[in-house]
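To start, the structure under review is shown below, and the notes come after it.
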Amino acid sequence: MKLTQEQLDQFDRDGYLFFPSHFSPEEIKTLTDEVPNLYAQDRAENIREKGKTAVRTNFAAHMYSDPFARLARHPRMVKPVEQLFDEKLYMHQFKVNGKMAFDGDIWQWHQDYGTWLNDDQMPEARAMNVAIFLDEVNEFNGPLMFIPGSHKMGALEAGHDTSTTSYPLWTISNDNIRTLVDQGGIVAPKGPAGSMLLFHGCLVHGSAPNLSPWNRVTVYLSLCAVSNHIRRFKRAGYIAHRDFTPIECLPDDCLVKSYPVDLPWKDGTPVSEQHGMPDGMAA
Ligand code: SIN
Ligand code: MN
């Protein structure tokens, strides 16, 4: 799959691209069948919503779950990002966000590059976010919202919010959001399960709580250009990966046919990946 010049121009202008029904229902079923098993596991990678048992986000499933390990190597996702950066990629972060019916909490307005810079010392915003809808996303179940064009602002000033939700985030002030929305407005791409979004690391985004009776499970992963690897290992390895090996894609049918993949954390996450390291320990 190759992005057209029109798509490249659109990405440059808006900071995101939307591909409705990019994966088939059969391909998505391979993943959704695995989610209850993932969320039931008692491991540090499952971050629960504040005061609840519902999973907010599950980290690093591609290291211990066969279907997600295959998704992590899917050419329909990896190739467009390789094209945009003109470089091989490694997996910086891999999340399966629940945003579960009734319990799914807010994601405050933020840029991912704010965290990658402040926490991980990633040199440039040469990492791309990919979102793959495992459930339909509609106007009621907390769709992801973007401020188009906000990626042009580069890394904005951010405050470390450690109290609003169960997951600390570098967030942007309401005053700055008001100004950015005056300029770019807000969009919330909606569509069937199997739809995919690519969005720039500096694109400002967030989502409201899910008050609906419908889950909004979405895979979010961040593909980083290998030369732009993080320089600091302040966060646990299962949140910000430290293995910069370039991703080698599997064939296009890898979600409907089985291909052998490594599952190095199948029997547990190595102790060395469970915690951050003091500054200066990064490779
Ligand atoms: C994220 O920004 O990482 C997640 C946002 C969401 O799940 O709505
Ligand atoms: Mn984000």
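Start at 1 and go down the list; that is how both ligands and their atoms are numbered.
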Q.
Checking side chain to side chain contact (heavy atoms under 4.5 Å, CB included) between I28 and each of L255, L134, D135, V219, which is the one that passes?
A.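 That would be L134.
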Q: Identify, for atom 4 (C) of ligand 1, the protein heavy atom at the shortest distance, and state residue, atom and that distance.
A: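 Nearest protein contact, heavy atoms only, for atom 4 (C) of ligand 1 is N97 ND2, 3.2 Å.
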Q: Can you pull out the closest protein heavy atom to atom 8 (O) of ligand 1? Residue, atom name and distance to 0.1 Å, please.
A: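 Its nearest protein heavy-atom neighbour is S207 OG, 2.6 Å.
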**Q.** Any N/O pair K99/ligand 1 closer than 3.5 Å
**A.** no
Q. What do you reckon, does H110 have a nitrogen or oxygen under 3.5 Å from a nitrogen or oxygen of ligand 1?
A. yes
By number and element, which atoms of ligand 1 are closer than 4.0 Å to a non-hydrogen atom of [X]?
X	answer
H205	2 (O)
K95	3 (O)
R216	6 (C), 7 (O), 8 (O)

Q | Matching residue for H241 among H229, H92, H62 - test: ring-ring contact (aromatic ring centres under 6.0 Å, His included) | A | H62
Q: Could you tell me whether Q111 approaches ligand 1 through its side chain, its backbone, both or neither, with non-hydrogen atoms closer than 4.0 Å?
A: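 The answer is neither.
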Q.
Contact between T165 and Q108 at the side-chain level, heavy atoms closer than 4.5 Å - yes or no?
A.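 Yes, side chains in contact.
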Q. Do any heavy atoms of T218 fall under 4.0 Å from ligand 1?
A.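 Contact absent.
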**Q.** Closest D112 atom to the Mn ion (ligand 2) [N, O or S only]
**A.** OD1
Q: For the residue pair W109 and N176, confirm or rule out a side-chain donor-acceptor distance under 3.5 Å.
A: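 No - no donor-acceptor pair under 3.5 Å links their side chains.
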Q: Determine, for W116 and R126, whether the Lys NZ or Arg CZ falls below 6.0 Å from the six-membered ring centre while staying within 45 degrees of the axis.
A: no
Q: Assess R43 against Y64: is NZ or CZ under 6.0 Å from the centre of the six-membered ring, and within 45 degrees of the ring's axis?
A: yes
Q. Does the pair K88/E82 count as a salt bridge with the N-to-O cut at 4.0 Å?
A. yes
